[in-house]
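We count residues from 1, following the sequence as given.
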Amino acid sequence: MEEIDRQIMALLADDGRMSFTDLAKETGLSVSAVHQRVRRLQKRGVITGFAAQLDTRQIGLPLTAFVSIKPIDPAAPDDAPDRLAHLQAIEACHSVAGEESYILKVRVASPNELEELLQQIRAAANVATRTTVVLSTPWESRRPPL
């Protein structure tokens with residue numbers, strides 16, 4: 001990957017709303033050249049989208065937790081992600097090495113909602129859970145080093 005593409009990706013990762021004009025100024029390219037490079041990065045699947053970052057407290061989801069899951073029956077099919085996809089409170093699902101099979105990042109409004117979600121996770125995927133509640137988040141969503 002060319003260094004200029006890495007620079008464009010870093011700029012967009014820091015500010016996904018940066019205009020093509022500003023990207024051109026920062027990279028020393030023409031606006032049309034920047035536009036072509038961004039489109040090419042999108043077509044290649046390197047840039048997968050642009051999204052707003054939300055303040056979860058202000059939208060009523062102040063409680064974040066990590067839920068580790070492992071199957072109750074180790075011989076059961078490894079289909080937990082498919083079985084849990086319908087639960088909107090699950091923000092991310094990571095397959096992991098170790099005792100658990102997956103770690104889920106969840107956001108809910110209250111401890112009671114977390115308890116209900118844990119019951120839904122257990123029932124939907126036939127798994128045991130171990131939960132860690134986040135007390136504070138000094139930073140999150142860092143861009144990868146480019």
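- Residues L104 and I72 do not share a hydrophobic cluster, defined by chaining ILVMFWY side chains whose heavy atoms lie under 4.5 Å apart.
- Partners of R130 by salt bridge (charged side-chain N to carboxylate O under 4.0 Å, His left out), not counting sequence neighbours, listed by chain and number: E100.
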Please evaluate residues E2 and R37 with respect to the criterion side-chain contact (heavy atoms from CB on, under 4.5 Å), reporting the C-alpha separation (whole Å), side-chain torsions for both, the decisive distance (0.1 Å), and the verdict. CA-CA 10 Å; E2 294 180 40; R37 284 179 178 268; 3.2 Å; yes
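- The two residues G16 and F50 make their nearest non-hydrogen contact at O-CD2, 3.5 Å.
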Result block: side-chain N/O donor-acceptor pairs under 3.5 angstrom for residues 90-99, not counting sequence neighbours:
unit_1: E91; atom_1: OE1; unit_2: R107; atom_2: NE; d: 2.5
unit_1: E91; atom_1: OE2; unit_2: K105; atom_2: NZ; d: 3.3

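- Annotation: side chain to side chain contact (heavy atoms under 4.5 Å, CB included) contacts of Q88 (sequence neighbours excluded): none.
- With sequence neighbours left out, R83 forms a salt bridge (charged side-chain N to carboxylate O under 4.0 Å, His left out) with D79.
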Test side-chain contact (heavy atoms from CB on, under 4.5 Å) applied to V134 and F66, step by step: CA-CA 8 Å; V134 174; F66 292 96; 3.6 Å; yes
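- Residues V67 and L87 fall within the same hydrophobic cluster, defined by Ile, Leu, Val, Met, Phe, Trp and Tyr side chains chained together at heavy-atom separations under 4.5 Å.
- Of the inter-residue distances, the one linking L54 atom CG with Q58 atom CD reads 10.0 Å to the nearest 0.5 angstrom.
- Rounded to the nearest 0.5 Å, atoms CG (D5) and CG (L41) are 4.5 Å apart.
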Contacts under 3.5 angstrom, residues 28-36 side chains, donor-acceptor by atom type, not counting sequence neighbours:
unit_1: S30; atom_1: OG; unit_2: S32; atom_2: OG; d: 3.3
unit_1: S30; atom_1: OG; unit_2: A33; atom_2: N; d: 3.0

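- For L135, there are no side chain to side chain contact (heavy atoms under 4.5 Å, CB included) partners at least two apart in sequence or on another chain.
- Taking every heavy atom of both residues into account, A124 and L84 meet most closely at CB-CD2, 4.0 Å.
- Contact between A80 and I69 at its shortest, heavy atoms only, is CB-CD1, 3.9 Å.
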Dump the intermediate steps for side-chain contact (heavy atoms from CB on, under 4.5 Å) on L63 and L114, then the final yes or no. CA-CA 8 Å; L63 196 153; L114 178 58; 3.9 Å; yes
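- Under a hydrophobic clustering in which Ile, Leu, Val, Met, Phe, Trp and Tyr are joined whenever their side-chain heavy atoms come within less than 4.5 Å, directly or via other members, I4 and I47 fall into the same cluster.
- For the pair L146 and A10, the tightest heavy-atom approach, listed with the atom from each and the gap, is CD1-N, 3.3 Å.
- Residue T27 comes nearest to L11 through the heavy atom pair CG2-CD1, 4.0 Å, listed as atom of the first residue, atom of the second, then distance.
- Sequence neighbours left out, not one pair with a member in residues 121-146 passes ring pair (Phe, Tyr, Trp, His ring centres under 6.0 Å).
- Residues passing the salt bridge (charged side-chain N to carboxylate O under 4.0 Å, His left out) test with R39, sequence neighbours excluded: none.
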Donor-acceptor pairs under 3.5 Å, side chain of residues 115-122 to any protein atom, not counting sequence neighbours: which ones?
unit_1: R122; atom_1: NE; unit_2: T129; atom_2: OG1; d: 3.0
unit_1: R122; atom_1: NH2; unit_2: T129; atom_2: OG1; d: 3.0

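- The nearest pair of heavy atoms linking S68 to I103 is OG-CG1, 3.8 Å.
- Once rounded to the nearest 0.5 Å, the distance linking CZ of R142 with CG of D14 reads 11.0 Å.
- Partners of A85 according to the side chain to side chain contact (heavy atoms under 4.5 Å, CB included) rule, which considers only residues two or more places apart in sequence or in another chain, do not exist here.
- Legend: residues meeting salt bridge (charged side-chain N to carboxylate O under 4.0 Å, His left out) with D82, ordered by chain and number and at least two apart, are absent.
- The side-chain heavy atoms of S110 and N112, taken from C-beta on, include a pair separated by under 4.5 Å.
- Taking the side chain to side chain contact (heavy atoms under 4.5 Å, CB included) definition, one finds that A109 meets it with E113, sequence neighbours left out.
- With contacts defined as side-chain heavy-atom distances shorter than 4.5 Å, the pair V46/M9 qualifies.
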